[in-house]
Amino acid sequence: MAKLLWGIYLGLTVAETVALAIAGMPLFDAICHSFATVATGGFGTRADSLASFGPAVQWAVVLFMFLAGANFVMLLNAMKGRFRVAIGNTEVRVYTAIVVVATLLCLAGTAGRPGAPVGFEPLLRDSAFTVVSLLTSTGFVTADYEVWPVGLHGLLLVIMVCGACAGSTGGGAKVIRCIVALKTGFREVRRL
């Protein structure tokens, strides 16, 4: 099992390196950013993290940050063709829902604000990138989220604490622990 999980880790690193190189990132930068993305370490080769790279590079990094924050056992199930097992997993569904809902809230909260990018795609990209980066504890940035509305700061703090899935390289308390804590809390309130 350990060899299989290391294989997934290596496979994600190689796949991201290829994807970033195809998206136009120089090979050295692609290798460095792939190591930092899959390990959710967030160390970049430039002072502005990934802000100076184009949209294709940023979307590729969003995808691989998301995958690095997913449960590697569920990724293994998906790679073996057991999609129902992977998609039916409660932690994977909640993790995906957190990303989608938080991205949409950030998109709505930043649209039309001074200094926000013009157009739907740049706003969506900045929102998704920020949410996935903070949720997985990767730490890459493309937007200055400190100027976002205060309510979004609270949301971003909550997702940072929640973190990624158990069995991933991401940090935080882990989604499954948050699920268990919420279910236990609701059960105790009902019991009382």
### Query
Above 12 or not: heavy atoms from other molecules or residues under 6.0 Å from CD of E146?
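It does not: E146 CD has 12 such atoms or fewer within range.
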Considering all heavy atoms, the nearest [X]-[Y] contact:
X    : Y    : result
G69  : A164 : O-CB, 3.3 Å
F64  : A15  : CZ-C, 3.8 Å
A68  : T37  : CB-O, 3.7 Å
A51  : Q58  : O-NE2, 3.6 Å
L123 : P117 : CG-O, 3.6 Å
A116 : T110 : CB-O, 3.3 Å

Quick one: do [X] and [Y] end up in the same hydrophobic cluster if we chain Ile, Leu, Val, Met, Phe, Trp and Tyr together by side-chain heavy atoms under 4.5 Å apart?
X    : Y    : result
V14  : M25  : no
V99  : L157 : yes
V147 : L124 : yes

### Query
If you round to the nearest 0.5 Å, how far is CG of D29 from OG of S34?
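CG of D29 is found 10.5 Å from OG of S34.
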#### Entry: From R93 atom CZ to I87 atom CD1, the distance as rounded to the nearest 0.5 Å
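If I round to the nearest 0.5 Å, the distance is 10.5 Å.
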Is a side-chain donor or acceptor of [X] paired with a backbone partner of [Y] at a separation under 3.5 angstrom?
X    : Y    : value
S49  : V141 : yes
S133 : G139 : yes
T13  : F35  : no

Any side-chain heavy atom of [X] within less than 4.5 Å of one from [Y]?
X    : Y    : result
N77  : N89  : no
W6   : L10  : no
I159 : L156 : yes
T130 : C106 : no
V132 : L135 : no
L152 : L155 : yes
M1   : L76  : yes
S168 : N71  : no

### Task
Take Y95 and F66, measure what ring-ring contact (aromatic ring centres under 6.0 Å, His included) needs, and give me the verdict at the end.
CA-CA 9 Å; Y95 174 66; F66 179 82; 4.7 Å; yes
### Query
Which pairs count as ring pair (Phe, Tyr, Trp, His ring centres under 6.0 Å) when at least one residue sits in residues 98-151, sequence neighbours excluded?
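Sorted pair list: H33-F140.
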### Query
Does a donor on one side chain and an acceptor on the other come within less than 3.5 Å for R125 and T142?
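Side-chain D/A pair, R125 to T142: absent.
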### Message
Under a 3.5 Å threshold, yes or no: a donor from one side chain and an acceptor from the other, between T138 and T40?
### Response
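Short answer, no.
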### Query
Cation over ring, R46 on F53, under 6.0 Å and within 45°?
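Yes - R46 lies over the ring of F53, closer than 6.0 Å to its centre and within 45° of its axis.
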### Message
For V61 and E16: C-alpha separation, side-chain torsions, deciding distance, then whether side chain to side chain contact (heavy atoms under 4.5 Å, CB included) applies.
### Response
CA-CA 8 Å; V61 172; E16 183 180 8; 3.8 Å; yes
### Task
Only counting residues at least two apart or in another chain, list the ones meeting side-chain contact (heavy atoms from CB on, under 4.5 Å) with I179.
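Per chain and number, I179 pairs via side-chain contact (heavy atoms from CB on, under 4.5 Å) with T90, V94, V175, I176, K183.
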### Task
With side chain to side chain contact (heavy atoms under 4.5 Å, CB included) as the test, would you mind laying out the steps for C178 and V161 before giving the verdict?
CA-CA 9 Å; C178 295; V161 169; over 6 Å; no
